[in-house]
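Single-structure report; data block below.
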Amino acid sequence: MREAVFRETTAELRTQSVPLSHLSLELGHLYMEDFEAGPERLREHFAEVRLWVDAARASAARRTGGKRPRISTCFLIDDYFTRFSTPAELIPLVLKEAEKAGLVIDYLARESGCAVADRVELAESVMHRLVESPPPGSYGSRPSVSQTGWLANGQRTPTTKRAALGEVRGWQPPQETAARNHSVFMDVELWSEKDGRRLWSCPFLAAVWQLARLGLLRHLGEQVLVPSPWNGEDFPQDWDRLPPLLQLNPRAAAFSAYRTCTLMPNRFLAVEDAVRLILDQTEVDSGALRQVAERSAREGLAVPAAVAQRATYVFYEEPVNALAIEGP
């Protein structure tokens, strides 16, 4: 008689491998206010971005030893914080202005897909992977990030307390955990609550976006935010009917890559500083990390061990007469 064999479900999980390019090049990460400014704003953006694309491509080629690198491009549209127009009206405009600048957008993503994609709570999943870096001398008195929704890179300014014999302790400054000579302290809000609904912050969704572009997001071992091919038909009138990640170019290199490069206006600098803080304190899927390490080694490519160091940026200065726009 054959004996029954019992196995734990978690022991059978396998980390799905994903195709990887050498570089994921983001050509835009704009908000609805940018689109409201009209085609001229998009035209200015792509004209400026075009100046830096060749440099990013050349840098990728240098890392591959002069071989032709696999590079895919992407563009992110905010449909999470605000919604403007429709995909049917907006996407053709984006593609037209990019083409005028000599650019091809391979993949187009909705920012709401960084919160939930294909019924998978991506942001919630990444939140559970946060591992706070405890500052020196801390004793767990600070509530965890899962309770507060705030993530710091060190010790916050302590609350003033009355010590023994009535002595009042003076103000103490915050301290960065890994400070070099002087501290650069950051405290990042990951979400807010309104009417019982959690609203994820721009930096947190951008961190999820970076993990997806780096091929490091998994759900129960399976790939998430999988590109959906565009069949050339008209785009829908409703944003919710548009796939979270759309592959516009059927000949494009893989969406995810060993490294990312994001080209964006310098008003996003503070947001992306926060993104790197979040990435530094995220426990990424070990199987995904191992796959990237093994494949990059076979290709003879050096990939930084720290996930945050795999993300690079080009911040350009917007024209003085451009509409002053602040991200959420």
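Not measured: the values here are computed from a predicted model. In this chain, residues are counted from 1 in sequence order.
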Is [Y] paired with [X] through a side-chain N to carboxylate O contact shorter than 4.0 Å?
X      : Y      : result
Lys100 : Glu97  : yes
Glu318 : Arg41  : yes
Asp285 : Arg290 : no

Pairing donors with acceptors under 3.5 angstrom, does anything connect the side chains of [X] and [Y]?
X      : Y      : value
Gln247 : Ser228 : no
Glu48  : Tyr316 : no
Thr64  : Arg70  : no

Using a cut-off of 6.0 Å, state whether more than 12 heavy atoms not belonging to [X] lie near its atom [atom1].
X      : atom1 : answer
Asn231 : CG    : yes
Glu99  : CD    : no
Asp234 : CG    : no

Side-chain donor-acceptor distances from residues 113-130 under 3.5 Å, at least two apart:
{"residue": "Glu124", "atom": "OE2", "partner": "His128", "partner atom": "NE2", "Å": "3.3"}
{"residue": "Arg129", "atom": "NH1", "partner": "Glu283", "partner atom": "O", "Å": "2.8"}

[X] side, atom [atom1]; [Y] side, atom [atom2] - distance, nearest 0.5 Å:
X      : Y      : atom1 : atom2 : value
Ser59  : Asp54  : OG    : CG    : 12.5 Å
Thr73  : Asp106 : OG1   : CG    : 3.5 Å
Ser296 : Glu299 : OG    : CD    : 8.0 Å
Leu277 : Thr282 : CG    : OG1   : 9.0 Å
Arg310 : Arg213 : CZ    : CZ    : 14.0 Å
Asp79  : Thr86  : CG    : OG1   : 12.5 Å

At their closest point, which heavy atom of [X] faces which heavy atom of [Y], and how far apart are they?
X      : Y      : result
Arg295 : Pro19  : NH2-CA, 3.8 Å
Ala311 : Gln210 : CB-OE1, 3.6 Å
Val18  : Gln291 : N-OE1, 4.5 Å
Ala60  : Leu23  : CB-CD2, 4.1 Å
Thr177 : Gly154 : OG1-CA, 3.1 Å
Ala47  : Ala101 : N-CB, 4.4 Å

* **Stepwise side chain to side chain contact (heavy atoms under 4.5 Å, CB included) check, Gln281 with Glu132** => CA-CA 6 Å; Gln281 299 188 54; Glu132 293 180 89; 4.0 Å; yes
Under the 3.5 angstrom rule, does the side chain of [X] hit a backbone N or O of [Y] as a donor-acceptor pair?
X      : Y      : result
Asn249 : Arg251 : yes
Arg110 : Leu242 : yes
Arg218 : Gln16  : yes
Ser256 : Leu20  : no

* To do: Could you tell me whether Arg198 sits above the aromatic face of Trp200, with NZ or CZ closer than 6.0 angstrom to the six-membered ring centre and within 45 degrees of the axis?
  =>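 Pair Arg198/Trp200 counts as cation-pi.
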* **Test side chain to side chain contact (heavy atoms under 4.5 Å, CB included) applied to Leu30 and Val94, step by step** => CA-CA 11 Å; Leu30 303 180; Val94 171; over 6 Å; no
* To do: Would you please indicate if the ring centroids of Phe204 and Trp150 are separated by under 6.0 Å?
  =>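 When the ring centroids of Phe204 and Trp150 are compared, they turn out to be at least 6.0 Å apart.
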* Ring centres of His29 and Phe75 under 6.0 Å apart? ->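 Aromatic pair excluded; centres sit 6.0 Å or further apart.
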Give the cluster check for [X] versus [Y]: same hydrophobic cluster or not, with ILVMFWY residues linked at side-chain heavy-atom distances below 4.5 Å.
X      : Y      : result
Val226 : Leu220 : no
Val104 : Leu246 : no
Leu51  : Ile105 : yes
Phe315 : Val184 : no

Between [Y] and [X], is there a side-chain heavy-atom distance shorter than 4.5 Å?
X      : Y      : result
Arg57  : Ile71  : yes
Thr262 : Thr312 : no
Leu108 : Cys74  : no
Asp187 : Leu151 : no
Glu111 : Phe81  : yes

* To do: Apply side chain to side chain contact (heavy atoms under 4.5 Å, CB included) to the pair Leu199 and Lys194, showing each step before the final yes or no.
  => CA-CA 7 Å; Leu199 183 70; Lys194 185 177 182 180; 6.0 Å; no
* Asked: Which is it for Phe268 and Tyr31 under the ring pair (Phe, Tyr, Trp, His ring centres under 6.0 Å) test, yes or no, and what are the steps along the way?
  -> CA-CA 11 Å; Phe268 290 102; Tyr31 289 89; 5.8 Å; yes
* Step-by-step side chain to side chain contact (heavy atoms under 4.5 Å, CB included) determination, Thr260 to Leu25 -> CA-CA 6 Å; Thr260 66; Leu25 185 58; over 6 Å; no
* To do: Look at the aromatic rings of Phe255 and Tyr107 and report parallel, tilted or perpendicular, splitting at 30° and 60°.
  =>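 Plane angle over 60°, so perpendicular.
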